[in-house]
Structures are given as C-alpha cells and as structure tokens.
Enquirer: 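Okay, handing you the structure first.
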Amino acid sequence: MPIKKYNPAQIEAKWQKIWQLKKIFNARDLSKKEKKFVLAEFPYPSGAGLHMGHLRPYVAGDVYSRFLRMKGFETLYPIGWDAFGLPAENYALKMGVHPSITTKKNIANAKKQMLSWGLSFDWSREINTTDPDYYKWTQRLFLQFYKAGLAYEATGLINWCPKDKTGLANEEVIDGRCERCGTAVIKKELRQWYLKITAYAEKLLEGLKNLPEWPQAVKLQQENWIGKSVGAEISFDVIPSASEESLKVGSLRDPSTSVGMTNYIILHGRNGSPDSHTFPWLRKSLEDKGYKVQAPALPNAEEPDDEEQADYVVKKCEINENTVIIGHSFGGVVALRLLERGIKLKKVFLLCTPYSGKFLDNKKRASVTKACKKGFDFKKIKENASDFGLLYDTTDYVVPMSDGESFAEKLETNVIKIKGAEPHLSGLEEPGVLKEVSPSIEIFTTRPDTIFGATYMVVAPEHPLIENFKAQITNFKEVRKYVEKAKQKAEMERTAEGKEKTGVELKGIKAINPATKEEIPVWVADYVLWGYGTGAIMAVPAHDSRDFEFAKKYHLSIVQVVQTDIIEAESAATEYGIVINSGKFNGLKSEEAIPKMAEEFGKMAVQYKLRDWVFSRQRYWGEPIPLIHCEDCGVVPVPDKDLPVKLPNVKKYEPTGTGESPLANMTSWLKTKCPKCKKMAWRETNTMPQWAGSSWYWLRYADPKNSKKLADMKKLKYWQPVDVYFGGMEHTTLHLLYSRFWNLFLYDQGLVTEREPYKKRQPHGIVLAADGEKMSKSRGNVVDPQEIVKGFGADTLRMYEMFLGPHELSVSWNDQGVVGVKRFLDRVWEWGNLVISNKKQVTSNTEKAEKLLHRLIKKITEDIENFRFNTSISSFMEFHNQVKGETVDREYLQVFLKLLYPFAPHIAEELNEMLGGKKSLQLEAWPEFDPQKLSDALTDIVVQINGRVKGKVRLSPEASEDEVKAKALELPAVKQALVQETVKRAIYIKGRLINLVI
RNA sequence: GGGCGAGUGGCGAAAUGGCAGACGCAAUAGCUUUAGGAGCUAUCGAGAGCAAUCUCAUGUGGGUUCGAGUCCCACCUCGCCCACCA
C-alpha cells in the first residue's frame with residue numbers, strides 16, 4: 001500500500017481548525033482540578049509582524065501548557081496585545097493613518113501568525129490594552145495610586161528624548177540613549193507625573209528573597225538597579241568665610257561688613273522677650289557662626305496685636321531679600337503679616353505658630369485667636385518668600401500639630417517635627433531648632449568612618465545651595481558659568497568614562513567638618529550627581545578614588561584617617577582598615593567605627609539608586625491620565641463612573657516638543673466640568689507610558705470581560721500567581737520591575753491575593769541570525785517564520801526553534817539546520833504509517849523497544865519539567881534511530897505520539913487519528929514510565945586502571961564489587977597492565993564503573 | 001571600575017565528579033536517479049601505526065580527587081547588566 005506523503009500544510013490547517021472549533025484550550029475558572037497559569041509576555045503588534053524572537057517564548061509556553069493539560073492540570077495559557085506605544089503613532093504621523101487602524105490591522109496579522117504556529121492559547125480571554133474596556137481599569141488603578149499619595153506631580157530635571165519628543169523613565173534610558181529609538185537623551189526641566197516606586201524600594205528588594213524559582217541573574221539585576229546602600233546622613237554647617245577686608249583688620253569675621261549675606265531676625269511670641277526662652281542661646285549660636293542677628297523686643301507682648309508688631313519690626317529692623325525670620329509662636333504670625341505687606345524675605349521659619357486659634361489646653365488667648373481668625377493671604381505670602389520651614393514640637397500641649405499641617409498644606413511644604421527640650425520649643429537650648437535654621441549641607445556617605453579625613457565638600461551643579469548663597473559667593477559669575485555649562489551637557493557627556501573631573505570653588509563660604517570642627521572649602525563639580533543621595537558629598541580624598549583625583553588636580557589637602565594593609569602611594573586607599581587620626585575613635589576597625597561615628601555626627605540612613613517613575617508622556621497614543629485641573633479645587637480625579645477617559649480622535653498627533661501633549665490642542669476634549677465644584681476645568685493632557693497597560697495585564701486574564709471590577713476576587717484567587725512566566729532578559733528592569741511594583745501596591749490595597757505576581761521566571765536567549773548578529777532589516781539577515789512554515793510546516797519550525805540550543809541562551813538561526821528536523825518528522829510519518837498499516841496485528845513489542853520507550857518517557861517528562869527542550873528533540877531523534885528496526889504494536893506508537901504531541905502537535909494528532917484515536921491527544925493522559933523497564937538485565941560496566949579506560953565487562957547492574965573485580969581482572973588489557981603491578985585499591989560505582997588503582 | 005555568565009570538532013551543541021564530542025548541520029565515499037535535488041549506507045577531534053592499538057585533546061597555568069569539561073585558586077578572551085551611585 002503506498003504511503004500518503006507527509007503534507008504539513010494540509011494537516012496543520014486541519015488541526016488548527018478542529019482545535020478552534022472544539023475550544024479545547026479554553027481554561028475553566030474555579031475548576032476542581034489544580035490550576036497552572038502559564039504566561040508569555042504579550043507582544044506589541046508591530047507592522048513587521050511577529051519575528052523569530054517571539055516564537056521562542058510562545059512555543060516554549062505552548063509545549064509546557066500542552067504537557068500540563070495532559071498531566072491533569074487546569075491550565076491557563078492566555079494571550080493579548082500590548083498595543084499602545086510609539087511605533088503605531090510614528091507610523092500614523094508618516095502615513096496619516098490613525099493608530100487605531102494600523103493597530104487593528106497589525107493585531108489581525110499577528111493573530112494569524114500565532115494560529116499558523118499552532119499555539120494553544122485560550123483565545124476567549126484575548127485582551128488589548130488599547131481597548132477602552134481594558135484601559136478603563138488601567139486608569140482606575142492609576143487613580144488608586146493617586147489616592148494613596150503614590151502618584152504625584154512635580155517639576156524636575158527629567159530624561160527627555162529629543163526625537164520622540166517625550167519624557168522618559170530612568171529605566172527607559174539605556175547607556176544614555178532612548179530605549180526605543182536610540183537617540184541620545186537630554187535633561188529637561190519639566191512638570192511631570194511620577195509614580196512613587198521608591199516607596200516600594202525595600203518591598204521590591206525583600207520580595208526577591210521569596211522567589212526561589214527566579215534565576216539568580218534576574219534577581220541580581222533588579223537588586224543592583226534598586227541599589228540599596230547603607231550609610232550615614234550627616235549635616236555640615238555652612239558659614240560665611242572671612243572676607244579679604246576683614247582679614248586685613250585682623251578679625252576673623254565681622255558680620256557688619258558682610259553686605260548682602262544672610263541675616264536673621266528672631267521674633268518672640270506672646271508673653272516672651274528677646275531674653276526669654278531659647279532666644280539668647282539661639283542668637284549667640286548664630287552669631288558664633290558669623291551671622292548678623294536682630295532680635296527686637298515687640299510691643300504689648302502680653303496681649304499682642306499682629307499688625308502693630310509688624311509695624312514695629314519694619315521700623316526697627318534692617319530687612320532685605322537675604323533676611324531670614326525665625327518666628328516663634330505668635331512671632332510667626334507677625335512674620336507672615338510682613339510677607340502679606342509685600343516685604344520680600346529669603347526664608348521664614350514658623351516655630352509652633354498657631355493657625356486655627358484653638359489650643360490643646362483649652363485656655364483662652366484672645367489676642368492670638370483674634371489674629372488667627374483674620375486668616376492669611378497665602379498667595380501673597382508665597383510670592384514674597386522663596387522658602388518656608390515649619391518646625392513643630394511633638395510634645396507641645398498648646399499649639400496642635402494640626403496647625404502646622406494646615407500651614408504645610410497651604411505653603412506646599414512639610415512639617416518638620418521636633419521633640420523640644422521643653423514643650424512648645426521653649427527650652428533654654430533647642431539644638432533641634434538651631435540645626436534647622438542654620439544653613440547646612442546634608443550629605444550621604446557609606447563611609448562615616450572616614451569623616452575626619454573630609455577635607456572639602458562638593459555639591460552638584462543643580463544644588464539649591466548655590467542660588468541660596470548667591471550673595472555670599474564672591475566668585476558667583478564664575479560659578480554660574482560652570483553650572484550653566486554642566487546643565488547643558490548631555491548625561492552621556494557628563495558621565496563619559498575617563499573624563500577629567502572639573503569644578504569651581506564656592507568662594508566666600510565654608511563648611512565646618514563636624515568631626516574636626518575645621519573650616520573646609522565647598523566646591524561645585526559635576527562628578528557629584530544631583531539625582532543620587534542628597535546631591536552633595538563630603539570629600540575624603542585619602543580614601544575615595546574620585547575625591548583623590550579631584551584633590552590632586554586642585555591641590556586640596558589629603559588626610560589619611562584609615563590604616564589599610566595595602567600601601568598605596570599614588571591613589572586612594574578605599575578598603576576598610578583601622579581608624580587613625582580620628583580622636584577617640586582611633587584604633588577601631590572601619591566596621592565598628594561606621595555605626596558609632598554615624599550616630600555621633602549624624603544618623604544611619606539608607607539610600608537607593610532607584611528613582612521615582614516618570615509616568616507621563618507627551619504623546620498621543622497612550623492611556624489619558626484621568627485627572628482634571630480645576631482653578632479652585634486643584635487636581636481632581638475623574639470619578640469612577642466617568643471612566644474610561646477615552647482617547648479622543650484627533651487630526652494632528654504631532655508631538656509638540658514643548659513638553660505639552662498633542663491632546664493640549666484638542667479644545668473640545670480639553671474643557672470639562674470640575675467633578676467637585678462643577679466649574680469649568682481642564683483635563684490632564686499627558687498620557688501614560690508604554691508600560692502602564694502591561695503592569696497589571698496578567699490579572700485581567702483571570703476575568704477579562706468583567707465590567708464591574710478589574711477581575712472577580714474568587715477568580716483571581718484561583719488563578720494567581722502566574723506559575724511560569726516566559727520572557728526576555730531585556731525586561732528585567734522595565735516591565736518585570738514595574739509590574740512587581742503594581743502588584744505589591746495592589747496587594748497592600750487588598751485588590752489582589754498574592755504579594756508577588758510571578759512564581760517562576762523563565763528567561764530566554766535571543767535568536768540571532770546565522771552570522772551571529774542580531775536580526776535586523778538593515779543587516780538584511782532577518783528570517784521570516786512564515787517562510788519556514790510555508791517551506792517545512794509549523795511542526796518543523798517549532799521543533800527546530802527548540803532544538804537550536806538551551807532555552808535561556810542566545811542561539812544562532814541556521815537555515816540549513818532546519819532540514820534535519822524536517823527529515824526527522826518525515827521519518828516519524830513514515831514509521832507511523834508503517835506501524836498503522838501493518839496487516840499482521842503485532843501483539844507484543846520487543847524487549848529493546850520497551851526499554852527505549854520507557855527511557856524516552858522518563859527523559860521527555862524530565863526535560864519538559866526543566867525547560868530543557870533542546871535535549872528533548874535530540875532524545876526523540878536518538879530514540880527513532882534505535883527503534884526503527886524493532887517490532888512494535890499500535891499502542892506503542894500512540895504512547896510515542898503523546899510524547900511528541902507538545903512539540904509537534906499537528907503531525908501527532910494526524911497520526912493518532914489514523915491510528916484510530918477518537919479524541920484529541922490533548923485530552924489523553926501523559927504517559928508514565930515503568931522503572932522496571934528502564935534497564936537491561938545485563939549492562940556494560942567500565943573498567944579503568946588509574947582512571948584510564950581499559951575495557952568493559954558485561955554483568956548485571958546489581959553485580960557486587962567482587963564479581964565485577966573478578967571479571968575485570970580477566971580482561972587481557974588488565975592482565976597486561978598487572979604483569980609487574982598489583983591492585984592497591986578498587987573503587988566501584990555500582991552498575992557503572994570500576995577503577996583499579998595500581 | 002563593579003557585578004553576573006560563558007569559553008568543548010568545520011558549525012549548533014551533549015555530558016547527576018565516572019566511557020568527552022550524544023543529537024543535528026556541513027563535509028567525504030558508495031548505492032539509487034536521465035540529471036539536479038531528495039533518499040539510503042558508511043566515515044567524520046588531532047597525531048602515530050599495516051593493524052590490534054597507543055599518545056594528545058574541553059581558553060591558559062596551578063590545585064583537590066582513585067578519577068576533573070564538571071569542584072577550588074590565579075590569569076586570558078568574549079558576552080550581558082550597572083557605572084563618577086558618594
């Protein structure tokens with residue numbers, strides 16, 4: 001009987017249709033069976049279609065899912081489309097086709113490709129991030145962040161891609177370039193929405209410890225990205241340095257001659273005077289630091305009138321733009337009245353200043369209450385002072401902390417809570433207050449043990465100290481020039497390797513090293529980064545190589561304070577050692593000195609490299625941020641009932657490049673009503689980044705059509721977490737980090753049942769072209785998977801893709817290699833047909849065939865469980881090479897087809913049907929092996945002499961050492977070796993090997 | 001500069017510390033075919049030898065072990081990630 005030719009095109013189309021019709025891959029919610037959730041990263045549907053790189057995780061997930069279903073698990077293997085993003089929009093710009101249209105077309109094409117590969121997705125759960133029914137929930141979750149205080153708007157220097165004309169998150173900048181288009185990223189000062197991922201830095205780090213099934217490399221990469229450092233925060237006082245002139249007359253510092261420098265006015269409160277409370281001490285302390293201080297005795301201190309006292313201050317005190325007012329209690333009210341009058345001040349400190357006019361002790365203070373009831377004109381107040389400091393006492397029993405919080409809200413700042421020496425900050429000495437009111441530079445260091453060696457300080461060019469001390473810095477012109485230049489430089493330039501360090505000293509001010517009490521110079525240099533730590537450092541040139549390099553160049557002093565084993569003449573000694581030249585700390589080891597010195601001079605603190613996530617994009621094709629700006633109510637979230645905020649159809653999606661979204665031109669969409677006060681208001685015009693929709697998508701698969709919730713809680717509980725997540729290494733510090741963050745947050749909000757979303761992460765290597773280079777259009781080395789399907793069939797494509805190499809390693813595609821797999825499938829087809837068409841019913845299999853089959857079951861099962869697909873394919877080939885001469889029955893063939901099914905499902909189904917199988921192999925149980933049938937009665941045991949193979953003896957694998965040894969000694973090669981030697985020792989590995997030591 | 005990973009035939013690669021190179025590609029010879037292709041059979045790390053066989057071989061150099069591609073140390077090369085991160 002002629003054998004029908006193997007025709008992959010025909011049988012593949014046939015089975016793909018049957019699978020779809022019977023919906024056999026659809027997962028059942030809340031099934032009694034144990035569940036498995038297999039996930040592969042959903043694709044961005046680009047115009048070029050899916051490529052070889054997509055195939056790898058999808059086929060791996062498919063093999064695994066088909067295997068799990070046969071193993072009896074309720075298996076969910078879903079798919080969807082991550083369809084918002086720049087390429088669709090850029091294409092739209094070029095061709096004038098709306099992104100929704102190109103996206104639709106691309107999805108249809110990608111889906112066709114996936115179906116042609118025979119992937120067993122549950123298509124009933126298909127999702128699309130650009131579908132309003134989906135992004136309604138993306139918006140809703142954003143508001144959840146907003147309401148929890150984890151989404152905030154702030155102006156800052158952000159990464160900006162000049163080509164894509166949008167802001168970028170830190171994670172989207174790869175080697176100083178835009179992750180999407182490769183353009184060098186610049187820094188731009190912009191008002192942006194941020195998600196406070198830093199609030200989850202510790203949780204993201206901690207969570208990694210509970211992910212034993214994640215590859216170490218992925219965990220390490222996330223750990224490094226979060227970048228936790230433990231060290232100390234230490235404050236260095238800043239003082240005006242002696243001017244040239246004052247030096248001439250011999251006095252160190254004469255405050256009266258320092259024109260334009262910071263000066264202080266202390267305003268006492270009700271029932272106070274310049275000589276009461278902490279004021280004399282505070283005054284002396286500030287004067288000791290070199291500042292001019294005025295402290296008027298205000299009129300009618302017993303029952304004060306705010307306006308009268310303000311008049312008095314104007315009359316009696318010298319006030320200019322560099323004046324800092326410290327207003328204690330009612331004195332703070334007076335300071336605010338000055339600002340209301342249009343008097344410009346540098347900074348105002350409110351110390352326990354009343355706001356409500358109500359007191360915790362319920363006593364009446366009529367004059368104070370009266371003044372408070374008048375209210376404050378905060379608009380004017382904010383206009384006239386550049387900065388505020390709100391210091392409130394946690395032990396105060398008169399003025400409530402809520403008064404401080406009210407001021408904080410109106411003045412858009414935070415309350416600094418201090419435990420006073422006496423309640424209401426009225427002790428004779430209040431060091432907490434002094435620390436806050438006197439200018440200082442906060443630094444972070446991991447080496448507080450070297451503080452005695454801090455011989456200068458460096459601030460980043462963006463540090464506000466520079467502007468704050470504008471008046472005192474004598475070489476300000478030079479400084480400003482340096483700062484401007486540094487800000488203009490692209491990040492890449494600034495951090496370029498081997499670049500020589502530059503900087504300018506801030507002449508006219510000095511810092512005081514809190515350990516040595518010495519005055520040290522302050523520099524600005526761009527080797528200190530504004531974005532990390534506090535944007536300022538104490539420089540210890542003896543023990544930090546960067547500081548060393550800088551100190552050498554600018555001839556700054558170098559003081560060694562740690563003795564290390566390694567003697568280094570021309571570089572810094574950065575290792576731990578024994579502390580020296582450090583007073584009472586001498587002799588301590590660095591490890592011991594670090595916590596001790598941190599406590600002495602500051603406090604232990606933790607810093608992370610992770611930055612908050614810049615979450616707004618100035619582009620069209622993304623989820624609109626669901627917020628409304630109202631003149632009276634401020635930022636108001638769109639109420640749930642009005643979600644989704646649909647992306648409007650616009651004619652022009654051209655990015656403006658100004659930092660405004662194209663949506664800003666859509667007046668009709670832009671104008672809306674404030675949900676709170678119903679007055680006219682404006683919509684937020686920024687859209688969300690690419691990564692928003694994918695930050696929660698796996699949750700939606702549990703219940704993709706739910707219109708009431710992002711997913712039903714019971715269904716979530718059944719399906720979560722993802723058991724295996726297939727995806728690329730490139731998402732480690734992008735999607736994978738972001739989605740863990742969202743999930744951890746949603747867990748804290750009680751919206752999901754699992755802390756961590758993915759139990760196991762299975763990364764895959766890149767599929768390279770035959771030349772070992774990345775496949776790319778420009779190189780012309782792209783292999784289109786559809787060409788392989790056309791030429792050889794999907795089963796060949798799938799198996800070859802798996803056969804290329806280990807799943808997690810990069811592999812090179814080799815066109816010639818494909819035929820090897822095709823040949824194998826041809827032979828399987830032929831062999832199958834031979835067994836099926838055998839007229840004489842074979843009733844038993846040969847012993848050898850039995851052994852081969854049970855070994856294969858064991859091997860394939862273990863390989864799939866460990867994602868070693870490449871060796872599975874080898875084993876199939878090896879099996880086939882050995883079994884083809886043996887006689888086997890039909891059941892035997894069926895077991896083989898079950899094993900083959902996850903890898904090459906079409907051919908397996910077809911042969912199974914020809915064999916008389918009535919149902920899909922998917923519904924069959926996975927074969928079990930019989931351990932009894934794995935080995936032969938006799939086996940070859942290797943005989944070695946001194947570890948070198950001399951021969952083999954054929955014995956039972958259960959043979960004893962003596963038996964094996966006796967037989968081994970009979971081998972001619974062994975006899976010959978033993979002519980002049982004797983066996984000193986024998987090592988026997990049961991059933992495998994004997995080594996004779998002579 | 002820091003972290004992680006990898007170096008095995010002409011190529012992709014395999015090998016719980018136990019026969020290195022399974023499996024596949026390419027190559028060579030033969031059979032088959034009008035030819036090309038495809039298929040089938042055999043050979044296929046290097047060197048020596050008529051041969052049985054022997055010697056050398058897993059980036060380099062040491063070490064541990066009865067025995068090392070595998071474990072340890074140092075070095076070299078490549079890849080990835082981070083990077084003036086205080």
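So that the names make sense, note that chain A is the first sequence line, chain B the second, and so on, each numbered from 1. Every heavy atom of this structure was used, including side-chain atoms; hydrogens, water molecules and symmetry mates were not.
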Enquirer: Answer with base, sugar-phosphate or nothing: what part of the nucleic acid does A:Val997 contact at a heavy-atom distance below 4.0 Å?
Expert: sugar-phosphate
Enquirer: Partners of A:Tyr800 by ring pair (Phe, Tyr, Trp, His ring centres under 6.0 Å), sequence neighbours excluded?
Expert: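 For A:Tyr800 the ring pair (Phe, Tyr, Trp, His ring centres under 6.0 Å) partners, ignoring immediate neighbours, are A:Trp813.
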Enquirer: Whole angstroms only, please: what is the CZ-C1' distance between A:Arg827 and B:C23?
Expert: 11 Å
Enquirer: Under 4.0 Å between any heavy atoms, over every strand shown, what does A:Lys952 touch: base, sugar-phosphate, or nothing? Just pick one.
Expert: base
Enquirer: Just compare B:G18, B:C23, B:A86 and give me whichever is closest to any side-chain atom of A:Thr446.
Expert: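 Ranking B:G18, B:C23, B:A86 by closest atom to the A:Thr446 side chain puts B:A86 first.
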Enquirer: Classify A:Asp544 by what it touches in the nucleic acid, base, sugar-phosphate, or nothing, heavy-atom distance under 4.0 Å.
Expert: nothing
Enquirer: Which whole number of Å gives the distance between the P atom of B:U28 and that of B:G18?
Expert: 37 Å
Enquirer: Return the value, rounded to whole Å, for the distance between atom CD1 of A:Ile451 and atom C1' of B:A86.
Expert: 13 Å
Enquirer: State whether a side-chain donor-acceptor pair under 3.5 Å links A:Glu171 with A:Trp613.
Expert: no
Enquirer: So which nucleotide from B:C25, B:G18, B:C84 ends up closest to the side chain of A:Asn995?
Expert: B:G18
Enquirer: Generate the contact string for nucleotides 46-56 of chain B. Rules: B means base contact, S means sugar-phosphate contact only, - means no protein heavy atom under 4.0 Å.
Expert: ----------S
Enquirer: All N/O contacts under 3.5 Å from nucleotides 12-17 of chain B to the protein, with atom names and distances to one decimal?
Expert:
| from | atom 1 | to | atom 2 | distance (Å) |
| --- | --- | --- | --- | --- |
| B:G12 | O2' | A:Leu804 | O | 2.8 |
| B:A14 | OP1 | A:Asn870 | ND2 | 3.0 |
| B:U16 | O4 | A:Arg992 | NH1 | 2.5 |

Enquirer: Apply ring pair (Phe, Tyr, Trp, His ring centres under 6.0 Å) to A:Phe879 and list each qualifying residue two or more places apart in sequence or on a separate chain.
Expert: A:Phe896
Enquirer: Using a heavy-atom cut-off of 4.0 Å across all strands, would you classify A:Leu220 as base, sugar-phosphate, or nothing?
Expert: sugar-phosphate
Enquirer: Any side-chain N or O of A:Asn881 below 4.0 angstrom from OP1/OP2 of B:G24?
Expert: yes
Enquirer: If you measure only the distance, is there a donor-acceptor pair under 3.5 Å linking the side chains of A:Thr502 and A:Tyr482?
Expert: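 Short answer, yes.
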Enquirer: Under 4.0 Å, heavy atoms only, any strand: does A:Ser229 hit a base, just the sugar-phosphate, or nothing?
Expert: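 It contacts sugar-phosphate atoms only.
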Enquirer: With respect to the side chain of A:Tyr527, which nucleotide from B:G18, B:C4, B:C84 is positioned closest?
Expert: B:C84
Enquirer: Between CG of A:Asp612 and OG1 of A:Thr198, what distance do you get to the nearest 0.5 Å?
Expert: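 It is 3.5 Å, given to the nearest 0.5 Å.
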Enquirer: How about A:Tyr456 and A:Tyr554: are their ring centres within less than 6.0 Å of each other?
Expert: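 When the ring centroids of A:Tyr456 and A:Tyr554 are compared, they turn out to be at least 6.0 Å apart.
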Enquirer: A:Tyr6: what forms a ring pair (Phe, Tyr, Trp, His ring centres under 6.0 Å) with it, not counting sequence neighbours?
Expert: A:Trp829
Enquirer: I'd like to check the ring pair (Phe, Tyr, Trp, His ring centres under 6.0 Å) partners of A:Phe903; sequence neighbours left out, ordered by chain and number.
Expert: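 Listed in chain order: A:Phe876.
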Enquirer: Measure NZ/A:Lys822 against P/B:G39 and give the value in whole Å, please.
Expert: 9 Å
Enquirer: Can you give the dot-bracket line for RNA chain B, where a pair is Watson-Crick or G-U wobble with both atom distances under 3.5 Å, crossing pairs use [ ], and | marks a partner on another strand?
Expert: (((((((..(((.....[....))).(((((.......))))).((((....))))..(((((..]....))))))))))))....
Enquirer: Which pairs, with at least one residue in residues 810-826 of chain A and sequence neighbours excluded, count as a salt bridge (Lys or Arg N to Asp or Glu O under 4.0 Å)?
Expert: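 The answer is A:Lys822-A:Asp826.
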Enquirer: RNA chain B: A:Gln216 or A:Ser875, which has the more 5' nearest nucleotide?
Expert: A:Gln216
Enquirer: Quick check: are there more than 12 heavy atoms from other residues, nucleotides or ligands sitting under 6.0 Å from NZ of A:Lys858?
Expert: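 No, because the 6.0 Å sphere around NZ of A:Lys858 holds 12 heavy atoms or fewer from other groups.
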Enquirer: Given the structure, check if the side chain of A:Gln944 and the base of B:G18 hold any donor-acceptor pair shorter than 3.5 Å.
Expert: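 A donor-acceptor contact between them is present.
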Enquirer: Scan for salt bridge (Lys or Arg N to Asp or Glu O under 4.0 Å) pairs involving residues 222-236 of chain A, sequence neighbours excluded, and state none if there are none.
Expert: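 Qualifying pairs: A:Glu202-A:Lys228, A:Glu233-A:Lys603.
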Enquirer: Can you see whether A:His735 engages A:Glu41 through a side-chain donor-acceptor pair at a distance of less than 3.5 angstrom?
Expert: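 No donor-acceptor contact under 3.5 Å links the two side chains.
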Enquirer: Please tabulate, one pair per line, each protein N/O and nucleotide N/O from nucleotides 41-44 of chain B that are separated by under 3.5 Å, including the distance.
Expert:
none

Enquirer: Taking B:A68 as the reference, what is the distance to B:G61 when you measure between their C1' atoms (whole Å, please)?
Expert: 15 Å
Enquirer: In whole Å, what is the span from the CD atom of A:Gln221 to the P atom of B:G79?
Expert: 17 Å
Enquirer: Syn if the chi torsion is within 90° of 0, anti otherwise; quick check, which is B:G9?
Expert: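 Nucleotide B:G9 adopts syn.
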Enquirer: Could you give all pairs that pass the side-chain hydrogen bond (donor to acceptor under 3.5 Å, both in side chains) test and reach residues 982-998 of chain A, with sequence neighbours left out?
Expert: A:Glu958-A:Lys990
Enquirer: Who are the side-chain hydrogen bond (donor to acceptor under 3.5 Å, both in side chains) partners of A:Ser810, not counting sequence neighbours?
Expert: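 Result, side-chain hydrogen bond (donor to acceptor under 3.5 Å, both in side chains) vs A:Ser810: none returned.
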Enquirer: Quick one, A:Trp831 and A:His880 - any side-chain contact, counting heavy atoms below 4.5 Å?
Expert: yes
Enquirer: Heavy-atom nearest nucleotide on RNA chain B for A:Ile537 versus A:Val821: which residue maps closer to 5'?
Expert: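 Residue closer to the 5' terminus by nearest nucleotide: A:Val821.
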